[in-house]
Amino acid sequence: MSGQERTVRLMKTGVSVYFSAGRKRNEEIIERARRAGATMAFTSMHIPEEEGVDYERDARHLLSLLRDAGISLIVDVGPETYGKLGCKRIEELADLGITHVRLDYGFTPEETVRLSKTFHIVCNASTVSKAEIAAWRAAGADFSRFAACHNYYPKQHTGLALEDVRAMNDRLSAYGFETIGFVPGDGELRGPLHEGLPMIEEHRGRKGDVALNMLEAAFAAGCDCVLVGDPDLTDASWERFAQVSAGFVELRCELEEGYGYLCGQVHHDRPDSSAQIIRSQESRTSLKPARSIKPDAHAGDERAAGSIAVSNSAYLRYEGELEIARVDVPGDARMNVVGAVCAEDKRFLPYVRDGFGFKLV
């Protein structure tokens, strides 16, 4: 597999914007999101705490900012929403630039399918039933125009279990739905509770691990798109968000002398991922050193989880291939053990898979 033919896994990423934050604050968030590679945003007009908001004026401004940033907006829509925006019919929301509408209630199957010809329909992934899906199908639904978005859960202990999200996503993906989920932010947290807005309850207690939560939501829970539910991130987490949007994550490591060439480059795991090791697609081609790699003093060392190893010349045409052990694996004299991923970043190893990337730093 050449560098030109490598398969790269990209996941959609996004943010949440709230009208009560005000114009200036939303301008700042949207600009940061644009720079960080976000392609989706979520907002709701069903939030009781948002008082004194001129939705018609502010929505038009918000939508123009998102359009200029190349970010699509998912809007929670009920029968009263379009009135807030100065529209007489829901179809008029398209004239404002709204492309995705999240319908929670008040629409018949026939109305939903009719609206799907104008908008991408986003249903509630956590509550949509087989009967509803069957009714949409009977009404002629094209599920390529449908997505399923989970809720976020402000109140402690009310979030979902990861395995339950996975089961729901597997079922919805089988119908052809795109699946969307949330992780909490770690900067400004949304009120009134200010305790984070996770989809998965476990994420509430590790708000600072934004990238880890995003990768877990994507690779373990099966979400095609991952949004930050809270309004903002810390500077460090915006940087991590940008990496995930670009399809890689940084792994801090220590390397033996002579193997520094492995650092600073983005590698990608093979799309046919191994359960035991990460294999760099690039290491035998575009990143292979000019010199031959001879067996060294660490050839054949046992490889604990997080160990970084390079195939030496005894591995013939596999010479130069970079591997990172996900789990403990036996030693092999054809592999030089050249370093290790730092303990804290070993948590990322289960999710660097299926063509996703990593950069050793």
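Just so you know, these numbers come straight off a predicted model, no measurement behind them. Along the sequence shown, the residues carry numbers beginning at 1.
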Could you walk me through whether Tyr152 and Val183 pass side-chain contact (heavy atoms from CB on, under 4.5 Å), step by step? CA-CA 8 Å; Tyr152 51 59; Val183 297; over 6 Å; no
Can you tell me how far apart [atom1] ([X]) and [atom2] ([Y]) are? Round to the nearest 0.5 Å.
X: Ser311; Y: Asp332; atom1: OG; atom2: CG; value: 8.0 Å
X: Arg137; Y: Tyr175; atom1: CZ; atom2: OH; value: 6.5 Å
X: Cys253; Y: Lys359; atom1: SG; atom2: NZ; value: 12.5 Å
X: Arg353; Y: Phe219; atom1: CZ; atom2: CZ; value: 8.0 Å
X: Asn213; Y: Tyr351; atom1: CG; atom2: OH; value: 9.0 Å
X: Glu256; Y: Leu262; atom1: CD; atom2: CG; value: 11.5 Å

Val226 and Met11: CA distance, side-chain angles, deciding distance, side-chain contact (heavy atoms from CB on, under 4.5 Å) verdict: CA-CA 8 Å; Val226 180; Met11 56 187 274; 3.5 Å; yes
Side-chain donor-acceptor pairs under 3.5 Å in residues 65-74, sequence neighbours left out?
none

Are [X] and [Y] within salt-bridge range, i.e. N to O under 4.0 Å?
X: Arg326; Y: Asp269; value: yes
X: Glu91; Y: Arg114; value: yes
X: Glu319; Y: Arg284; value: no
X: Arg240; Y: Asp209; value: no
X: Lys24; Y: Glu28; value: yes
X: Asp76; Y: Arg102; value: yes

Kindly say whether [Y] contributes a backbone atom to a donor-acceptor pair with the side chain of [X] at under 3.5 angstrom?
X: Gln276; Y: Ala325; answer: no
X: Glu239; Y: Ala236; answer: no
X: Glu282; Y: His268; answer: yes
X: Ser237; Y: Thr234; answer: no
X: Ser307; Y: Ala340; answer: no
X: Arg32; Y: Ile29; answer: no
X: Glu321; Y: Tyr318; answer: no

Count I, L, V, M, F, W, Y as connected when their side-chain heavy atoms are under 4.5 Å apart, and connections chain through other members. Are [X] and [Y] then in the same cluster?
X: Phe119; Y: Phe107; answer: yes
X: Leu215; Y: Ile277; answer: no
X: Val341; Y: Phe356; answer: yes
X: Met335; Y: Leu360; answer: no
X: Leu322; Y: Tyr315; answer: no

May I ask you to test the [X]-[Y] pair for a side-chain heavy-atom distance under 4.5 Å?
X: Trp136; Y: Cys123; value: yes
X: Cys223; Y: Asn169; value: yes
X: Leu189; Y: Lys207; value: yes
X: Asn151; Y: Met199; value: no
X: Val165; Y: Thr179; value: no
X: Val337; Y: Ile308; value: no
X: Ser126; Y: Tyr153; value: yes
X: Phe348; Y: Leu212; value: yes

In sequence, state the C-alpha distance, the side-chain angles, and the governing distance for Leu115 and Leu103, and then conclude on side-chain contact (heavy atoms from CB on, under 4.5 Å). CA-CA 10 Å; Leu115 290 173; Leu103 306 179; 4.3 Å; yes
Determine the minimum heavy-atom distance between [X] and [Y], stating which atoms define it.
X: Ser280; Y: Phe358; value: CB-CZ, 4.4 Å
X: Ile293; Y: Gly320; value: CD1-CA, 3.7 Å
X: Thr118; Y: Ala94; value: CG2-CB, 3.8 Å
X: Ser273; Y: Asp354; value: OG-N, 2.6 Å
X: Asp186; Y: Gly208; value: OD2-CA, 3.8 Å
X: Leu227; Y: Cys225; value: CD2-SG, 3.7 Å

Say whether [X] and [Y], considering side chains only, have a donor N or O and an acceptor N or O under 3.5 Å apart.
X: His61; Y: Asn26; value: no
X: His267; Y: Gln281; value: no
X: Tyr259; Y: Asn336; value: yes

Does any pair with a residue in [range] pass salt bridge (charged side-chain N to carboxylate O under 4.0 Å, His left out), and if so which ones, sequence neighbours excluded?
range: residues 290-308; result: Arg303-Glu323
range: residues 191-206; result: Glu201-Arg204, Glu202-Arg206, Arg206-Glu216
range: residues 145-166; result: Arg166-Asp170

Residues that Phe143 engages under ring-ring contact (aromatic ring centres under 6.0 Å, His included), provided they are two or more places apart: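 Per chain and number, Phe143 pairs via ring-ring contact (aromatic ring centres under 6.0 Å, His included) with Phe146, Phe177.
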Quick test of your reading: applying ring-ring contact (aromatic ring centres under 6.0 Å, His included), list the pairs with at least one residue in residues 21-43, sequence neighbours left out, ordered by first then second residue. Phe42-Phe182
Set out, in order, the CA-CA distance, both residues' side-chain angles and the distance that settles salt bridge (Lys or Arg N to Asp or Glu O under 4.0 Å) for Arg34 and Glu31, then state yes or no. CA-CA 5 Å; Arg34 182 194 66 78; Glu31 175 56 22; 2.6 Å; yes
Applying salt bridge (Lys or Arg N to Asp or Glu O under 4.0 Å), run through Arg190 and Asp230 and close with a yes or a no. CA-CA 5 Å; Arg190 177 151 185 83; Asp230 288 288; over 6 Å; no
Criterion salt bridge (Lys or Arg N to Asp or Glu O under 4.0 Å) on Lys117 and Asp142, from CA distance to verdict: CA-CA 9 Å; Lys117 297 179 176 19; Asp142 172 5; over 6 Å; no
With side-chain contact (heavy atoms from CB on, under 4.5 Å) as the criterion, how do Val361 and Leu251 come out once you've worked through the C-alpha distance, each side chain's angles and the decisive distance to 0.1 Å? CA-CA 6 Å; Val361 296; Leu251 300 176; over 6 Å; no
